[in-house]
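We count residues from 1, following the sequence as given. All values below come from the heavy atoms of this structure, side chains included, with hydrogens, waters and symmetry mates left out.
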Amino acid sequence: MSVHLHWFLPTGGDGRTLVDRHAYTDGGIRRDRITPVSGVRAPDIEYLAQIAKAAEQLGFEAVLTPTGTWCEDAWLTTVALTQVTERLKFLVAFRPGVISPVLAAQMAATYQRISRGRLLLNVVTGGDSTEQKRFGDHLDHDRRYARTDEFLQVVRGVWSGEPFDFRGEHYQVEGGLTALPPDPLPQIFFGGSSAAAGPVAARNVDVYLTWGEPPEQVKEKTDWIRGLAEKEGRTVRFGIRLHTISRDSSKEAWATAGRLLDDLDPQTVAAAQQALGKSESVGQQRMLALHGGSRDRLEISPNLWAGVGLVRGGAGTALVGSHAEVADRIEEYHSLGVEHFVLSGYPHLEEAYWFGEGVRPELAARGLLDAGPPPLAGVPAANGRPASAPGGAPLLIAGGR
C-alpha cells in the first residue's frame with residue numbers, strides 16, 4: 001500500500017498569514033467591516049495555475065479544491081486548470097444539497113472527457129447551517145447526511161449507462177441516465193465524524209477522509225468506518241487532511257509555526273473561536289477540543305501542531321518538523337491504514353516546494369511511494385539555481401514564510 005500525496009488549491013485566497021481575507025469580522029458578509037490583512041494573495045487564475053503547475057512538477061497526484069461562500073467555484077476553476085497541466089488530478093469539493101445528483105453525474109462524465117480522466121470527487125455534506133441556508137439548504141444535520149446517502153446512490157446508479165429509477169425521501173428519479181458514463185469512474189472522497197456520517201461512508205464512498213487528529217484518535221475512526229463497511233460487504237480506503245510546515249531542521253520549522261502565531265492577537269483568536277464554536281460539524285468540534293482556544297500546549301502529539309485551528313475552520317492541525325520528522329509522522333499514519341494525504345501550507349506555493357523537495361524524497365527512500373520518474377526530471381538547473389526554480393528565479397521568500 002503506497003502513499004498518495006495530494007496538495008491544496010486555495011481558491012479562497014492565500015498568503016503568509018493564517019488570517020485570510022474575510023478574517024471572521026461579521027463572517028465576511030459586509031466587506032466594509034473587514035480589517036485589511038497584509039500578505040494576502042487573491043485567488044486569481046494565474047496564481048492558482050502557479051500552484052497547480054508546481055504541484056504537478058513536484059510529484060503530487062492531485063489538488064483538493066474547496067467549496068464555500070468565499071471560494072471560487074471548484075468545478076469551473078479546476079476544469080480551466082486542466083488545460084495548463086498534464087497529469088495532475090483535481091479533487092473537486094461540492095455540496096450534494098445544492099445540485100441534482102443526475103446533473104452532478106453528467107458534469108463528472110463531461111469533466112472526465114475534457115481532462116482525460118483527471119477528476120476525483122470530494123462530497124461535502126456541510127456542517128454549518130448558516131452556510132447551508134445561504135445556498136438555499138434548510139435541512140438539519142442528520143437529514144443532510146441522509147440526503148447525501150441517497151445522492152450517492154443516484155450518482156452511482158446513473159453512471160451505469162442504463163436508465164435508473166430511484167424513489168427516496170429526498171430524490172425521486174425516473175429513467176435517470178448518463179448517456180456517456182465517465183471513464184474511469186471518479187473516486188469519491190467523503191468525511192464526517194458524526195454517527196449519521198459513518199453509514200453513508202460505509203455504503204457509498206471509496207476514500208474516507210479525516211482531519212488530522214492524533215494517531216490514536218485516527219485509529220478509532222478508521223476502525224469504526226472499517227467495521228461499518230465490512231457489514232456492508234465493502235472495503236473503504238482512508239485519507240487524512242493536514243497542513244505541513246517542513247524545514248531543513250526542526251528548529252526552523254517550529255520557528256515558522258511561531259511566526260504564524262505572532263500574527264494572531266487575542267481578539268482575532270477569540271472571534272474565530274466564537275464563530276467556529278457554532279458549527280454543527282462534529283469533526284469541527286473535535287478540532288476545537290484539541291486546543292480549547294488556548295495557545296498553551298499546541299503540540300498535541302509529536303510534530304502535530306494545532307495552531308492553525310485557533311483561527312481557521314476545517315483542517316486545524318499541521319505536521320511541523322524537519323523533513324525526516326514529518327516523514328516519520330506520515331509513516332506512522334500510514335501504518336494505521338491511511339493511504340491518501342491531502343496536504344497544504346501557508347503560502348501554498350512555497351510550502352509545496354518545501355514539502356516536495358524535502359519530505360517527498362524521504363518517503364521515496366523508505367519505499368512508501370510508487371516508483372516513477374523523479375518529479376523534476378528533465379528540468380535543468382539555470383544560472384546555478386535549483387532545477388525547481390523555473391527560469392532561475394528564487395521561489396522562497398525571505399525567512400521561508
Side-chain angles (χ1 to χ4, degrees), residues 7-28 33-43 47-48 51 64 66 68-71 128 211-213 241-247 252-279 281 283-300 303-321 326 342-355 396-401:
W7 197 243
F8 186 84
L9 204 61
T11 57
D14 195 14
R16 302 186 307 275
T17 174
L18 295 178
V19 182
D20 58 12
R21 57 181 175 166
H22 47 283
Y24 291 100
T25 54
D26 195 33
R33 293 185 56 184
I34 299 173
T35 303
V37 179
S38 63
V40 171
R41 304 171 187 175
Y47 180 61
L48 296 176
I51 296 173
L64 170 63
T69 299
W70 312 113
C71 304
D128 182 342
W211 285 328
E213 299 178 2
R241 176 78 182 89
L242 288 157
H243 303 284
T244 69
I245 303 174
S246 175
R247 295 294 184 270
E252 289 177 83
W254 285 108
T256 302
R259 284 194 293 272
L260 289 174
L261 282 187
D262 290 343
D263 291 337
L264 307 179
D265 58 63
Q267 292 77 21
T268 297
V269 174
Q273 291 297 293
Q274 182 179 23
L276 294 171
K278 297 176 182 178
S279 173
S281 166
Q284 182 63 71
Q285 298 309 317
R286 289 171 69 105
M287 283 283 100
L288 296 177
L290 295 176
H291 53 71
S294 171
R295 296 172 188 246
D296 299 332
R297 296 187 298 278
L298 285 173
E299 187 178 5
I300 56 174
N303 304 107
L304 185 64
W305 182 67
V308 177
L310 289 175
V311 291
R312 297 191 71 94
T317 54
L319 297 178
V320 180
V326 171
V342 184
L343 308 170
S344 54
Y346 299 95
H348 287 77
L349 182 60
E350 288 90 327
E351 289 297 336
Y353 277 93
W354 277 117
F355 185 94
L396 301 180
I397 54 181
R401 296 186 65 194

Donor-acceptor contact present, side-chain Thr317 to main-chain Leu304, <3.5 Å: no
Check: Thr244 main-chain N/O paired with Trp354 side-chain donor or acceptor under 3.5 Å: no
Out of curiosity, [X] [atom1] to [Y] [atom2], how far, rounded to the nearest 0.5 Å?
X: Leu261; Y: Thr256; atom1: CG; atom2: OG1; result: 11.5 Å
X: Leu319; Y: Leu343; atom1: CG; atom2: CG; result: 7.0 Å
X: Ile300; Y: His291; atom1: CD1; atom2: NE2; result: 8.5 Å
X: Asp14; Y: Ile51; atom1: CG; atom2: CD1; result: 5.0 Å

Salt bridge present between Arg16 and Glu351 (N-O < 4.0 angstrom): no
Smallest separation among heavy atoms of [X] and [Y], with atom names:
X: Tyr47; Y: Pro347; answer: OH-CB, 4.3 Å
X: Ala257; Y: Val320; answer: CB-CG1, 4.4 Å
X: Arg295; Y: Val269; answer: NH2-CG2, 3.9 Å
X: Gly307; Y: Leu298; answer: CA-CD1, 4.0 Å
X: Pro43; Y: Pro10; answer: CB-O, 3.6 Å
X: Leu288; Y: Gln273; answer: CD2-OE1, 3.5 Å

Partner set under side-chain hydrogen bond (donor to acceptor under 3.5 Å, both in side chains) for [X], not counting sequence neighbours:
X: Ser344; value: Arg241, His243
X: Asp265; value: Thr268
X: Glu252; value: Ser249

Arg286: salt bridge (charged side-chain N to carboxylate O under 4.0 Å, His left out) partners, not counting sequence neighbours: Glu213
Partner residues of Glu299 under the side chain to side chain contact (heavy atoms under 4.5 Å, CB included) criterion, sequence neighbours left out: Trp254
Mutual orientation of the aromatic rings belonging to Trp7 and His348 [parallel < 30°, tilted 30-60°, perpendicular > 60°]: perpendicular
Side-chain heavy atoms of Leu260 within contact of Ile245, under 4.5 Å: yes
